[in-house]
Amino acid sequence: ETGVTQTPRHLVMGMTNKKSLKCEQHLGHNAMYWYKQSAKKPLELMFVYSLEERVENNSVPSRFSPECPNSSHLFLHLHTLQPEDSALYLCASSQDQVAPYQPQHFGDGTRLSIL
Amino acid sequence: GNSVTQMEGPVTLSEEAFLTINCTYTATGYPSLFWYVQYPGEGLQLLLKATKADDKGSNKGFEATYRKETTSFHLEKGSVQVSDSAVYFCALTPSNTGNQFYFGTGTSLTVIP
């Protein structure tokens, strides 16, 4: 079983729909992340959870709402999205600990298209 | 602040050519440094890492050396293959926290037969 699993792999939704992206990690990590990857743009960090507490919110619009019910699961709830929100959404996990610091492990992403 | 700068792409090489992708960083203290690779339709995969100065990370024929004096972590491979075609990302995590990661913009590599 892969370390970080994201579902669905592809999602097409209208601007008025509500949907959720799911991420599950099987690595025993205690930190999870959401990134947005758009064509021709740098990877954008959206949210960071460590020990199930949100530790970073990078000025993300409120139409994106994260949820981390436990250290293995992370959700991104979507509501009233805009066409510019079409992108690849990547989930990652890592072990947040004292040095030496550990790398992130990524899922394969959800390709989101907003009609 | 913390940041990573890597060379612009795209890079196109012939099979068996030598590869260098430059990466320099700005950080306080002694960050940990990483190279990730992203194949089409997939997420990022850790390629190699180095956690202290002069460390050399290596994997699948790729190497990178943590140079504190030049704040660099250049990726090299002596002989690329078509299967190495992907986007490569340099990244760091600062020395004072284990949950912050800073990525470069990515360099696209295409290897032609």
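Basis for what follows: all heavy atoms, side chains included, without hydrogens, waters or symmetry-related copies. Reminder, nothing fancy here: chain letters follow the sequence lines and each chain counts from 1.
For L45(A), no part lies near chain B; criterion is any non-hydrogen pair under 4.5 Å. Heavy atoms closer than 4.5 Å to chain A are found in the side chain of F89(B), but not in its backbone. The contact between R9(A) and chain B is made entirely by side chain atoms (from C-beta outward), counting heavy-atom distances below 4.5 Å. Residue L46(B) touches chain A through its side chain alone, counting heavy-atom pairs closer than 4.5 Å. Using a 4.5 Å cut-off between heavy atoms, Q45(B) makes no contact with chain A at all. Neither the backbone nor the side chain of Y39(B) has a heavy atom closer than 4.5 Å to any heavy atom of chain A. Contact annotation for Y33(A): only side-chain heavy atoms (C-beta onward) come within less than 4.5 Å of a heavy atom of chain B. Heavy-atom distances place the backbone of P94(B), and not its side chain, under 4.5 Å from chain A. For a residue to count as touching a neighbouring chain, one of its non-hydrogen atoms must lie under 4.5 Å from one of that chain's; by this rule Q37(A) touches chain B with the side chain only.
At least one side-chain heavy atom of L11(A) sits less than 4.5 Å from a side-chain heavy atom of L78(A). Side chains of Y35(A) and M46(A) form no contact here, defined as non-hydrogen atoms less than 4.5 Å apart. Using a 4.5 Å heavy-atom threshold, the side chains of K22(A) and Q6(A) count as separate. Using a 4.5 Å cut-off on side-chain heavy atoms (C-beta onward), T80(A) and N17(A) make no contact. The side-chain heavy atoms of M7(B) and L75(B), taken from C-beta on, include no pair separated by under 4.5 Å. Using a 4.5 Å heavy-atom cutoff, the side chains of W35(B) and F73(B) are in contact.
Interface remark: of the candidates F34(B), F101(B), Y36(B), F101(B) forms the most heavy-atom pairs closer than 4.5 Å to chain A. Among C91(A), G107(A), S50(A), the residue making the largest number of heavy-atom pairs under 4.5 Å with chain B is G107(A). Between chain B and the residues L90(A), L43(A), L88(A), the largest count of heavy-atom pairs under 4.5 Å involves L43(A).
Side-chain contact check for T107(B) and Q6(B): at least one donor-acceptor pair (N or O, by modelled atom type) lies under 3.5 Å.
Both cation-pi conditions hold for K68(B) and Y30(B): the charged atom is under 6.0 angstrom from the six-membered ring centre and inside a 45 degree cone around its axis.
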